[in-house]
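The structure under discussion appears below in the form of structure tokens.
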Amino acid sequence: MKNTEIEHKFLLHDTSYRQMATRISTIRQGYLSTDPDRTIRIRLKDDKAFITIKSRPNAQTLARFEWEREIDPNDAQEMLKMCPPYIIEKERYIVQWKDIIIEIDEFHGVNEGLCIAEIELDDINQTLPELPGFIGQEVSHDSRYSNSYLALLPYTMW
């Protein structure tokens with residue numbers, strides 16, 4: 001099982017990705033720990049649930065340790081009650097572009113109005129291809145756009 005994540009995040013110019021999406025999921029997630037060195041996330045995605053532990057990303061390569069396991073959705077519902085102060089609510093659009101998958105999150109609730117595209121690479125030496133026109137400014141190094149930060153200080157409060 002892969003335990004490394006290399007993720008680039010981008011703001012968006014428009015919503016043209018909606019017509020390109022092959023799948024849409026509903027996600028609710030909260031954080032048992034928002035410590036940047038060890039975040040612990042509880043996620044409900046459609047009818048499944050997961051617990052995920054992530055390390056701090058490497059400043060240069062964006063690579064970080066990620067461990068994720070599926071858990072019982074009822075247990076996840078109970079654990080979400082322990083996740084202060086805000087729950088992340090979003091819809092995730094999946095777009096296949098060239099040889100990569102782009103995940104676009106449209107946030108709702110306290111993060112309404114924020115849309116972020118995420119592109120996960122397989123290797124630190126892999127380069128991003130030319131990206132579609134809806135992709136805007138890269139914000140991978142701006143911690144405000146991490147979901148764990150958004151659970152503490154939502155976008156609508158910036």
Side-chain angles (χ1 to χ4, degrees), residues 1-18 20-59 61-95 101-121 131 134-158:
M1 174 170 278
K2 181 179 166 189
N3 284 333
T4 301
E5 173 185 69
I6 304 162
E7 187 175 75
H8 291 264
K9 293 183 179 216
F10 300 87
L11 298 179
L12 304 176
H13 289 303
D14 59 53
T15 59
S16 61
Y17 59 85
R18 289 179 181 164
M20 302 168 70
T22 58
R23 186 173 65 232
I24 303 171
S25 296
T26 300
I27 296 174
R28 291 185 69 239
Q29 67 189 40
Y31 289 83
L32 294 172
S33 171
T34 56
D35 180 330
D37 290 324
R38 63 193 68 75
T39 59
I40 303 173
R41 177 183 74 202
I42 304 299
R43 173 182 279 176
L44 285 164
K45 182 177 179 183
D46 298 327
D47 60 345
K48 294 188 176 192
F50 305 88
I51 184 168
T52 307
I53 301 171
K54 295 184 180 190
S55 69
R56 181 187 298 267
N58 177 289
T61 66
L62 300 176
R64 67 175 163 180
F65 174 82
E66 179 182 60
W67 177 90
E68 182 171 81
R69 296 294 182 270
E70 190 169 347
I71 61 174
D72 181 275
N74 293 320
D75 291 340
Q77 289 283 11
E78 287 301 311
M79 285 187 262
L80 280 176
K81 295 175 185 174
M82 296 185 283
C83 296
Y86 300 102
I87 298 299
I88 301 287
E89 301 172 81
K90 58 189 178 180
E91 287 180 308
R92 174 165 287 170
Y93 293 76
I94 304 298
V95 172
I101 300 291
I102 304 173
E103 298 177 336
I104 297 101
D105 290 340
E106 286 187 8
F107 290 83
H108 302 293
V110 294
N111 288 294
E112 188 71 41
L114 180 60
C115 294
I116 297 176
E118 298 178 351
I119 300 171
E120 191 169 324
L121 301 179
L131 299 174
F134 63 80
I135 298 289
Q137 174 188 354
E138 183 166 6
V139 293
S140 302
H141 291 78
D142 188 338
S143 62
R144 295 177 303 158
Y145 292 100
S146 72
N147 283 273
S148 59
Y149 184 91
L150 293 168
L152 294 173
L153 187 60
Y155 182 69
T156 57
M157 297 179 187
W158 293 5

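Both backbone and side-chain heavy atoms feed into the values below; hydrogens, waters and symmetry mates do not.
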Could you list the residues that satisfy salt bridge (Lys or Arg N to Asp or Glu O under 4.0 Å) with [X], not counting sequence neighbours?
X	result
Arg92	Glu103, Asp105, Glu118
Glu89	none
Asp35	Arg38

Give me the atom names and distance for the closest heavy-atom approach of [X] to [Y].
X	Y	answer
Ala117	Ile102	CB-CG2, 3.9 Å
Phe134	Asp14	CB-OD1, 3.2 Å
Ala63	Thr4	CB-CG2, 4.0 Å
Pro73	Ala49	CA-CB, 3.7 Å
Cys83	Met79	SG-O, 3.4 Å
Lys9	Tyr145	NZ-O, 3.2 Å

First locate atom [atom1] of [X], then atom [atom2] of [Y], and finally report the distance between them rounded to the nearest 0.5 Å.
X	Y	atom1	atom2	answer
Ile51	Asp72	CD1	CG	12.5 Å
Arg64	Asp37	CZ	CG	11.5 Å
Leu11	Cys115	CG	SG	9.5 Å
Leu32	Leu80	CG	CG	8.0 Å
Ile104	Glu91	CD1	CD	12.0 Å
Ile116	Leu12	CD1	CG	8.5 Å

Task: Under the side chain to side chain contact (heavy atoms under 4.5 Å, CB included) test, residues paired with Ser148 that sit two or more places apart - done: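 For Ser148, the residues satisfying side chain to side chain contact (heavy atoms under 4.5 Å, CB included) (neighbours in sequence not counted) are Tyr31, Thr34, Thr39, Ser146.
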- [ ] Take the angle between the ring planes of Trp158 and Tyr155 and call it parallel below 30°, perpendicular above 60°, tilted in between.
- [x]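 Ring orientation, 0 to 90° scale: perpendicular.
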Side-chain heavy-atom pair [X], [Y] within 4.5 angstrom cut-off:
X	Y	value
Ile27	Arg43	yes
Asn147	Phe107	yes
Thr61	Ile6	no
Ile24	Ile94	no

Open item on the list: Please determine whether salt bridge (charged side-chain N to carboxylate O under 4.0 Å, His left out) holds for the pair Arg41 and Glu68, giving the CA-CA distance in whole Å, both sets of side-chain angles, and the decisive distance to 0.1 Å.
Closed with: CA-CA 9 Å; Arg41 177 183 74 202; Glu68 182 171 81; 3.1 Å; yes
Mark yes or no for whether [X], through its side chain, and [Y], through its backbone, hold a donor-acceptor pair below 3.5 Å.
X	Y	result
Ser55	Phe65	yes
His8	Ser140	no
Thr156	Asn111	no
His108	Lys90	no

Open item on the list: I need the full list of salt bridge (charged side-chain N to carboxylate O under 4.0 Å, His left out) pairs touching residues 25-34, with sequence neighbours left out, sorted by first then second residue.
Closed with: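 Salt bridge (charged side-chain N to carboxylate O under 4.0 Å, His left out) check on residues 25-34 returns no pairs.
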TODO: Could you tell me which residues satisfy side-chain hydrogen bond (donor to acceptor under 3.5 Å, both in side chains) with Glu106, sequence neighbours excluded, listed by chain and number?
DONE: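 In terms of side-chain hydrogen bond (donor to acceptor under 3.5 Å, both in side chains), with neighbours along the sequence ignored, Glu106 is linked to Tyr17, Arg18.
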